[in-house]
Amino acid sequence: MLMMNNWLVDLFSKPSIAQTVILIAATIAGGIALGKLKLKGVSLGVTWVLFFGILIGQFDFIPLDNHVLHFVKEFGLILFIYSIGLQVGPSFFSSFQKGGVQQNLLAVGIVVTGCLVAFLLSTVLHIDLASMVGILSGAVTNTPGLGAAQQTYTDLYNEAADFLSAGYAIAYPMGVMGVIFVCIALNKLFKNSTQEGSEERKEEMDMFAVELSNSSCDGITLGKLKEILDFDFVVTRLYHTHSQFMEVPSDESQLSLGDRLFIVCKKSNAIKVEMCTGTRINMESRDWEYLDKNMICKKITLTKSDVNGKTLGEINFRKNYNVNISRIIRADVSIFPSDSLQLVLGDILVVVGNEEGIQKASNFVGNNKGKLCDPFLIPIFLGIMLGVILGSIPFPLPLIPVPVKLGLAGGPLIVAILMSRYGTQFGIVTYATHSAKKMLQEMGISLFLAAVGLSSGKIFFATLMEHGSSWFLCGTLITLVPIILAAIIGRFVCKFDSHQLMGLISGSMTDPAALAFANSITEGKAALSYATVYPLTMFMRILTAQILILLSV
């Protein structure tokens with residue numbers, strides 16, 4: 001019994017890998033449990049792991065293995081950052097197109113303004129710029145920026161930067177609530193504002209049937225009709241009224257007056273199709289099935305990795321399998337099936353044709369959803385390896401006294417973005433189920449916050465007593481000044497409506513709690529602007545945090 005007691009006392013009183021892992025696990029479990037608590041529907045979520053770790057870490061009688069904590073912190077950061085890159089990568093470059101340009105410019109303005117406010121406050125109040133970066137990261141609720149700043153500071157000075165997390169923790173609550181307060185104000189002030197003058201939102205598709213009545217189309221081929229219209233559209237079914245024959249049309253299919261066509265195109269092009277072909281008629285799927293019971297519509301899922309990255313033009317489903325693709329469903333969004341569209345693992349193809357052709361197409365793409373549950377670990381760890389190598393490369397910058405490194409945050413982020421966007425062109429599978437991505441992201445951020453909290457607990461309360469009020473005020477100004485200015489410019493210059501402004505501000509602050517609140521009062525309409533600015537903003541937050549640390553040298 002005495003030996004058992006000694007063993008138990010030694011486990012919790014002497015620094016060891018086992019003891020540190022137990023404390024990390026307890027911190028994460030306790031913090032996540034506290035994160036389920038909500039005040040008027042708002043919660044700090046996983047950030048409670050940091051606060052719970054700070055609470056445990058302040059006790060001097062709890063020894064910690066700092067080497068284990070350091071590894072857990074850095075590895076957790078890498079996992080989290082890499083999963084963020086995989087998440088935002090596919091939409092990172094497309095977010096600069098069309099209406100996203102103005103929104104991203106305004107979001108970048110919010111990031112730059114926040115950095116300028118932090119720099120001015122550091123100069124005026126004589127607060128160390130490195131400490132101000134911690135306050136800035138909390139004020140904009142950006143944990144990856146905190147991690148990048150800590151890692152850059154450690155590379156520069158070869159010492160831990162736990163003090164940064166104290167400023168982060170002091171400023172974070174107002175960072176969350178400040179954005180929500182601004183969203184409430186926007187909702188009250190501009191609730192009835194319209195989207196007139198705002199940029200174009202993502203265009204939806206239209207699916208409809210027409211009866212060919214334009215005599216100029218009589219006798220021409222479908223391919224010729226596409227040349228005349230000069231924009232992409234798909235004809236999934238063609239019914240020849242006179243011969244009562246249904247076919248899966250190709251470009252060589254000949255059209256005759258009275259033929260019925262089922263068309264898929266962008267909504268903005270629907271009226272042009274009608275004007276060129278004839279009259280829209282009311283025909284639903286069951287009506288087409290009645291005309292030819294051999295013609296069916298079915299959804300099949302791409303699960304073969306060797307098809308990953310191929311374009312629809314390369315595969316040519318119509319020629320090879322006598323079926324047409326009416327649309328692609330990716331992440332619950334319908335995408336127009338242009339020949340240049342690259343397929344990725346997990347895509348759902350809506351196929352029209354006969355049973356035999358659909359079966360052949362199904363065999364080609366796999367259609368085995370069970371395979372999607374298999375983890376594709378090689379690309380993940382290959383990407384992490386390349387990201388760490390990239391992050392370790394030093395390169396000089398003007399006016400910066402030491403060479404700059406992207407670090408363990410920036411390197412994996414860039415590689416993840418590039419792999420998720422262009423990996424398919426090299427046969428690299430970056431697909432992961434939503435739950436797998438979520439697990440990787442939550443595991444990484446939890447490990448990082450637990451290690452940060454435990455290692456900074458001893459200095460947090462001393463910092464709070466010494467600088468608490470001034471740092472909290474700085475954080476409040478860093479939070480509110482940029483987003484209030486952006487709300488004014490966005491509304492009166494860019495003519496954004498309140499939904500767009502709330503999503504844009506939440507995304508520019510990388511604040512999911514604010515997005516959840518904004519969605520609750522906009523019926524989910526704020527999410528589009530959030531997703532539009534989030535990728536670039538996340539990248540900018542990580543990069544600017546490192547630059548400010550370098551300027552503090």
Side-chain angles (χ1 to χ4, degrees), residues 203-300 311-313 315-329 333-341 348-362:
E203 194 167 11
E204 297 179 356
M205 292 194 303
D206 200 0
M207 294 175 283
F208 57 96
V210 297
E211 184 172 302
L212 197 68
S213 59
N214 188 343
S215 57
S216 61
C217 294
D218 188 27
I220 69 171
T221 63
L222 181 58
K224 183 63 176 178
L225 178 63
K226 291 180 178 179
E227 289 180 17
I228 294 171
L229 290 174
D230 196 28
F231 56 78
D232 284 335
F233 66 96
V234 174
V235 179
T236 61
R237 301 176 180 90
L238 173 58
Y239 180 69
H240 299 282
T241 306
H242 298 297
S243 61
Q244 296 185 345
F245 171 66
M246 175 86 78
E247 69 167 309
V248 178
S250 67
D251 286 349
E252 290 74 36
S253 298
Q254 195 168 36
L255 305 176
S256 302
L257 290 178
D259 285 351
R260 298 175 183 180
L261 300 79
F262 191 82
I263 295 171
V264 180
C265 67
K266 293 180 179 179
K267 276 194 172 182
S268 61
N269 293 329
I271 188 66
K272 300 175 187 176
V273 175
E274 290 183 63
M275 291 174 63
C276 185
T277 57
T279 309
R280 184 186 288 233
I281 56 177
N282 185 23
M283 285 189 68
E284 299 179 1
S285 296
R286 62 176 178 270
D287 299 319
W288 289 96
E289 292 170 6
Y290 177 78
L291 291 174
D292 188 344
K293 298 190 181 300
N294 292 321
M295 189 80 68
I296 59 175
C297 179
K298 190 174 181 180
K299 293 179 180 179
I300 58 177
T311 65
L312 288 175
I315 299 171
N316 200 336
F317 282 93
R318 173 63 181 84
K319 179 180 179 180
N320 293 320
Y321 306 108
N322 194 33
V323 297
N324 273 332
I325 309 298
S326 68
R327 62 192 183 279
I328 307 294
I329 302 174
V333 176
S334 292
I335 304 173
F336 184 81
S338 63
D339 286 345
S340 60
L341 179 67
I348 298 174
L349 289 68
V350 182
V351 186
V352 178
N354 58 42
E355 184 70 43
E356 181 183 1
I358 290 178
Q359 186 58 51
K360 290 179 180 178
S362 177

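We use all heavy atoms of the structure for the numbers below, so side chains are in, but hydrogens, waters and symmetry mates are not.
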Visitor: Which heavy atom of D206 sits nearest to which heavy atom of A270, and what is that distance?
Guide: OD2-CB, 3.6 Å
Visitor: Can you see which heavy atom on V350 is nearest to which on C297, and at what distance?
Guide: CG1-SG, 3.5 Å
Visitor: Quick one: closest heavy-atom pair of F336 and D232, and the distance?
Guide: CE2-CB, 3.2 Å
Visitor: Give, for atom CD of E247 and atom CG of N324, the distance between the pair rounded to the nearest 0.5 Å.
Guide: 9.5 Å
Visitor: Locate the shortest heavy-atom distance separating V264 from S326; write the atom from each residue and the value.
Guide: CG1-O, 3.3 Å
Visitor: So is K266 actually on top of F233's ring, under 6.0 Å and inside 45° of the axis?
Guide: no
Visitor: Whether the side chain of D218 engages the backbone of L257 through a donor-acceptor N/O pair (distance < 3.5 Å, no angle test) should be reported.
Guide: yes
Visitor: If only atom types and distance count, is the side chain of N320 paired as donor or acceptor with the main-chain N or O of I315 below 3.5 Å?
Guide: yes
Visitor: Any heavy-atom pair between the side chains of R260 and T241 that's under 4.5 Å?
Guide: yes
Visitor: Pair K272, F231 - check side chain to side chain contact (heavy atoms under 4.5 Å, CB included), show working.
Guide: CA-CA 10 Å; K272 300 175 187 176; F231 56 78; 3.9 Å; yes
Visitor: Side chains of S250 and L222: closer than 4.5 Å at any heavy-atom pair?
Guide: no
Visitor: Do L261 and T277 come close enough that some side-chain heavy atom pair is under 4.5 Å?
Guide: no
Visitor: Can you tell me how far apart CG (L312) and CZ (F317) are? Round to the nearest 0.5 Å.
Guide: 6.5 Å
Visitor: Given D259, which partner from the list Q254, H240, H242 fulfils the side chain to side chain donor-acceptor pair (under 3.5 Å) test?
Guide: H240
Visitor: Step by step, would you call I335 with R327 a side chain to side chain contact (heavy atoms under 4.5 Å, CB included)?
Guide: CA-CA 6 Å; I335 304 173; R327 62 192 183 279; over 6 Å; no
Visitor: Side-chain contact, heavy-atom cut-off 4.5 Å: L341 with I328?
Guide: yes
Visitor: Rounded to the nearest 0.5 Å, what separation is found between the NZ atom of K299 and the CG atom of L349?
Guide: 11.5 Å
Visitor: Say you draw a straight line from CG of L229 to SG of C265; how long is it, rounded to the nearest 0.5 Å?
Guide: 9.5 Å
Visitor: Measure the shortest side-chain to side-chain distance between C217 and L225 over non-hydrogen atoms and say whether it is less than 4.5 angstrom.
Guide: yes
Visitor: Working to the nearest 0.5 Å, report the span between CD1 of I263 and OG1 of T236.
Guide: 9.0 Å
Visitor: How far apart are the C-alpha atoms of V234 and I325, what are their side-chain angles, what is the distance that settles it, and do they pass the side chain to side chain contact (heavy atoms under 4.5 Å, CB included) test?
Guide: CA-CA 8 Å; V234 174; I325 309 298; over 6 Å; no
Visitor: Of all heavy-atom pairs between Y321 and A361, which one has the smallest distance, and what is that distance?
Guide: CD2-N, 4.0 Å
Visitor: State whether F208 and R280 meet the cation-pi test: NZ (Lys) or CZ (Arg) under 6.0 Å from the six-membered ring centroid, and within 45° of the perpendicular axis.
Guide: yes
Visitor: Could you grab the distance from atom CD of E252 to atom CZ of R318, nearest 0.5 Å is fine?
Guide: 8.0 Å
Visitor: Would you check, one step at a time, whether the test salt bridge (Lys or Arg N to Asp or Glu O under 4.0 Å) holds for D251 with K226?
Guide: CA-CA 8 Å; D251 286 349; K226 291 180 178 179; 3.2 Å; yes
Visitor: Are any side-chain N or O atoms of S362 and backbone N or O atoms of I358, one a donor and one an acceptor, separated by less than 3.5 Å?
Guide: no
Visitor: Which is it for L212 and T279 under the side chain to side chain contact (heavy atoms under 4.5 Å, CB included) test, yes or no, and what are the steps along the way?
Guide: CA-CA 7 Å; L212 197 68; T279 309; over 6 Å; no
